[in-house]
Trainee: 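To start, I am sharing the structure in question, which I have written as structure tokens.
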Amino acid sequence: MHNNGGIILPAVSRVLIIGGGIGGLTAGIAFRQVGIEVDLVEKESDWTVYGVGIIQPNNTLRALEKIGLAQDCVDVGAAYPGWRIFDVNGGLLMEDPATSDAAPAYPPVNGITRPKLHGILLKCALDAGVSIKLSVTAETLDDQGGAVEVLFTDGTSRTYDFVVCCDGLFSEMRKKMFGTRFEPKFSGQAVWRYNFPRPSTMEWGEIHCGPRNKLGLVPLTSDLMYMFLVTAEPGNPRMPKEKLAEAMRERLADYGGEIAKLRDQIIDSEAVVYRPMQNILITDPWMKGRVILIGDAAHTTTPHLAQGAAMAIEDAVLLGELLGRDEPLDDLLAEFMQRRFDRVKFVVDSSTQIAEWEMEEWQGIENPDADPGKLLYSATQTLMEEY
Ligand SMILES: Cc1cc2nc3c(=O)[nH]c(=O)nc-3n(C[C@H](O)[C@H](O)[C@H](O)COP(=O)(O)OP(=O)(O)OC[C@H]3O[C@@H](n4cnc5c(N)ncnc54)[C@H](O)[C@@H]3O)c2cc1C
């Protein structure tokens, strides 16, 4: 910590961020805004952002508002008031308005394409002065107590006050820090995604409930939407890439109405984005010495609450806010864990519970305690509270 004649200086001066996804870029922006020098390394040679969308519930917009980017997302996205729930034949069951309690100036939910979100974050990070290197990662992190000496895969090295690892679900940095103690766990479900033209009459997000799976339609722009289809995939089978369109259509066979028409348009296997759902939660403090994990590297949730990127963004924004304070680093990191861990655990646990109840229902198992819709609603409300 340093206090320069009454001017508050940040707790750390120079930080390395490893991973340039949603969490890493957001962290870069948040750190620059409090005057920290930031290097960011991304191991891919180009930005590999797949073309489907992301749901931003209102608490995501609250976090983005703190770094001045909520309106940019709303401007290029598609705001909607909540969810309409349909049965398998397209009959409307109920309307479920979402909340704007976290950021009342912004819509309850915003759909945005991943490339557009990435474009906003990347431009802002570059404008703010984050120094970014592609095709590079950290070979070794040598924590010497007062600083971390980092050797990079391009043969260069540099010393940092602090290292923030945002390298995602399959984090190599997590392995360096914790070995194999924490490994991603397959949830039993997978998600299939496909883009469609958005009908001009569509004003809400939609959830359609089938007997063996569920799907959603998410507005992304004025003329684009995407479908996510959540299925049980026992044993996590390998899905041949060239068969994805056919396999997705087969899993939609039960649906009538508009969904049956959309099903017939799923013809391009290259455009199907298929992901087994995995989760992980680091139960120890997410740091060792001067190296911390945030975002999916520390806590990957299944997407049932649409909160994965939200949690990465909240981590990054709060860490920036704390590191900007003129206080001992250990105290700031303790406060970070205290404000983040229970909240993130709540997201991972609630999402896992919803997944388990859904899979029971699709197998015809009666569980009087199961109420995934109610949990989704109450958990979302809870997440609007400050943390
Ligand atoms: C099917 C699905 C749907 C989802 N839907 C939503 C949603 O609607 N709303 C929501 O909020 N969240 C959603 N999520 C979650 C969201 O995508 C993630 O939580 C979010 O991307 C996490 O950001 P991150 O920066 O931590 O990790 P990532 O986005 O995975 O970024 C990690 C980055 O690190 C890089 N990297 C990896 N290893 C290294 C290394 N060794 N060195 C340097 N760089 C490295 C990667 O190339 C990548 O650029 C969804 C996830 C899935 C799978």
Side-chain angles (χ1 to χ4, degrees), residues 16-28 39-50 52-61 63-64 73 77 109-114 117-118 121-122 125 132-141 150 152-154 163-177 184 186-187 189-194 205 216 218-220 226-231 272-280 286 293-316 344 347-348 351 355 380 383:
L16 172 67
I17 296 173
I18 300 174
I22 294 171
L25 290 171
T26 307
D39 288 347
L40 185 154
V41 288
E42 161 60 49
K43 82 165 178 191
E44 298 298 331
S45 57
D46 202 353
W47 302 104
T48 47
V49 184
Y50 44 97
V52 283
I54 198 151
I55 301 164
Q56 298 184 313
N58 190 250
N59 61 304
T60 319
L61 297 170
L64 287 166
C73 289
V109 200
N110 187 50
I112 187 169
T113 68
R114 284 178 182 257
L117 175 60
H118 174 78
L121 295 175
L122 180 60
I132 298 180
K133 272 194 199 170
L134 296 175
S135 296
V136 178
T137 187
E139 184 85 57
T140 57
L141 304 172
V150 180
F152 294 101
T153 48
D154 64 358
V163 176
V164 181
C165 306
C166 313
D167 54 339
L169 171 61
F170 301 106
S171 170
E172 288 166 33
M173 300 305 137
R174 184 177 62 230
K175 280 216 171 68
K176 285 187 201 295
M177 290 165 72
F186 176 56
S187 67
Q189 291 183 323
V191 58
W192 310 65
R193 288 171 290 174
Y194 202 84
V218 181
L220 289 178
Y226 83 100
M227 175 189 287
F228 67 82
L229 169 67
V230 177
T231 60
V272 177
V273 179
Y274 175 79
R275 289 278 181 283
M277 289 186 196
Q278 318 219 42
N279 58 37
I280 191 168
W286 303 338
L293 300 168
I294 64 167
D296 272 18
H299 48 75
T300 302
T301 176
T302 59
H304 293 80
L305 299 179
Q307 286 284 346
M311 291 301 109
I313 291 169
E314 287 185 359
D315 283 354
V344 163
V347 169
V348 175
S351 304
T380 303
L383 289 167

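In this chain, numbering begins with 1 at the start of the sequence shown. Both counts, for ligands and for their atoms, begin at 1 and track the order of listing.
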Trainee: Measure the CZ-CG distance between R114 and L220 for me, rounded to the nearest 0.5 Å.
Mentor: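 CG of L220 is found 10.5 Å from CZ of R114.
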Trainee: Identify which of R114, Q307, K133, E314 has a heavy atom lying nearest to atom 5 (N) of ligand 1.
Mentor: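 That would be R114.
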Trainee: Run the numbers for me: atoms of ligand 1, each under 4.0 Å from some heavy atom of T137, listed by number.
Mentor: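 Those of ligand 1 that fall under 4.0 Å from T137 are 40 (C), 41 (N), 42 (N), 43 (C).
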Trainee: Any nitrogen or oxygen of G295, side chain or backbone, less than 3.5 Å from one on ligand 1?
Mentor: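 No, G295 has no N/O under 3.5 Å of an N/O on ligand 1.
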Trainee: Does any N/O atom on V191 come nearer than 3.5 Å to any N/O atom on ligand 1?
Mentor: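 N/O-N/O distance below 3.5 Å does not exist for this pair.
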Trainee: What closest approach, in Å, do V136 and T153 show between heavy atoms, and which atom pair accounts for it?
Mentor: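 Reported closest heavy-atom pair: CA-OG1, 3.6 Å.
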Trainee: Is the shortest N/O to N/O distance between A309 and ligand 1 below 3.5 Å?
Mentor: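 Among all N and O atoms of A309, at least one is under 3.5 Å from an N or O of ligand 1.
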Trainee: In terms of residue, atom name and distance, what is the protein heavy atom nearest to atom 8 (O) of ligand 1?
Mentor: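 In this structure, atom 8 (O) of ligand 1 has I55 N, 2.8 Å as its nearest protein heavy atom.
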Trainee: A310 to ligand 1: N or O pair under 3.5 Å?
Mentor: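 Between A310 and ligand 1, an N or O pair is found under 3.5 Å apart.
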Trainee: Nearest protein heavy atom to atom 32 (C) of ligand 1, by residue and atom, and its distance?
Mentor: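 Ranked first by proximity to atom 32 (C) of ligand 1 is C166 O, 3.4 Å.
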Trainee: Taking atom 37 (C) of ligand 1 as the point of reference, which of V273, L25, I112, D167 owns the nearest heavy atom?
Mentor: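 Closest candidate by heavy-atom distance is D167.
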Trainee: Pairs of nitrogen or oxygen atoms closer than 3.5 Å, one from E42 and one from ligand 1: do any exist?
Mentor: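 Yes: some nitrogen or oxygen of E42 is under 3.5 Å from one in ligand 1.
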Trainee: Report yes if some heavy atom in the side chain of S45 is under 4.5 Å from a heavy atom in the side chain of L134; otherwise report no.
Mentor: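 S45 vs L134: side chains apart.
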Trainee: Please examine the side chains of S171 and L293, heavy atoms only from C-beta on, and report whether any two atoms are closer than 4.5 Å.
Mentor: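 Touching, per the 4.5 Å side-chain cut-off.
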Trainee: Give yes if a backbone or side-chain nitrogen or oxygen of G23 is under 3.5 Å from a nitrogen or oxygen of ligand 1, and no if not.
Mentor: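 By distance alone, the answer is yes.
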Trainee: Would A297 count as a polar contact of ligand 1, with the cut-off being nitrogen or oxygen pairs under 3.5 Å?
Mentor: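 The answer is no, given that A297 and ligand 1 share no N or O pair closer than 3.5 Å.
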Trainee: Between Q307 and S351, is any pair of side-chain heavy atoms under 4.5 Å apart?
Mentor: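 Q307 vs S351: side chains apart.
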Trainee: If you compare all heavy atoms of L25 against all heavy atoms of I132, which two are closest, and at what distance to 0.1 Å?
Mentor: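 So the minimum-distance heavy-atom pair works out to CD2-CD1, 4.2 Å.
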Trainee: Examine R275 against ligand 1 and note whether any of their N/O atoms are separated by less than 3.5 Å.
Mentor: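 Among all N and O atoms of R275, none is under 3.5 Å from an N or O of ligand 1.
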Trainee: From the options V109, T60, I22, select the one whose nearest heavy atom is closest to atom 29 (O) of ligand 1.
Mentor: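 When every heavy atom of V109, T60, I22 is considered, I22 comes closest to atom 29 (O) of ligand 1.
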Trainee: Which of these, G168, P276, A138, G21, has its nearest heavy atom closest to atom 27 (O) of ligand 1?
Mentor: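 The nearest heavy atom belongs to G168.
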Trainee: Mind checking whether K43 has an N or O less than 3.5 Å away from an N or O of ligand 1?
Mentor: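 Yes; at least one N/O pair falls below 3.5 Å.
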Trainee: Yes or no on side chain to side chain contact (heavy atoms under 4.5 Å, CB included) for M311 and V348, after CA distance, side-chain angles and deciding distance?
Mentor: CA-CA 10 Å; M311 291 301 109; V348 175; over 6 Å; no
Trainee: Return the option from D296, V52, T26, I54 holding the heavy atom at the smallest distance from atom 7 (C) of ligand 1.
Mentor: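 Minimum heavy-atom distance to atom 7 (C) of ligand 1 goes to I54.
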Trainee: Given the rule in the side chain to side chain contact (heavy atoms under 4.5 Å, CB included) test, do M173 and L141 qualify, once you have shown the distances and angles that lead to the verdict?
Mentor: CA-CA 9 Å; M173 300 305 137; L141 304 172; 4.1 Å; yes
Trainee: OG1 of T60 to CD of E314: how many Å apart, nearest 0.5 Å?
Mentor: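 It comes to 7.0 Å.
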Trainee: Evaluate the side-chain proximity of I112 to I54: yes if any heavy-atom separation is below 4.5 Å, no if none is.
Mentor: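 Touching, per the 4.5 Å side-chain cut-off.
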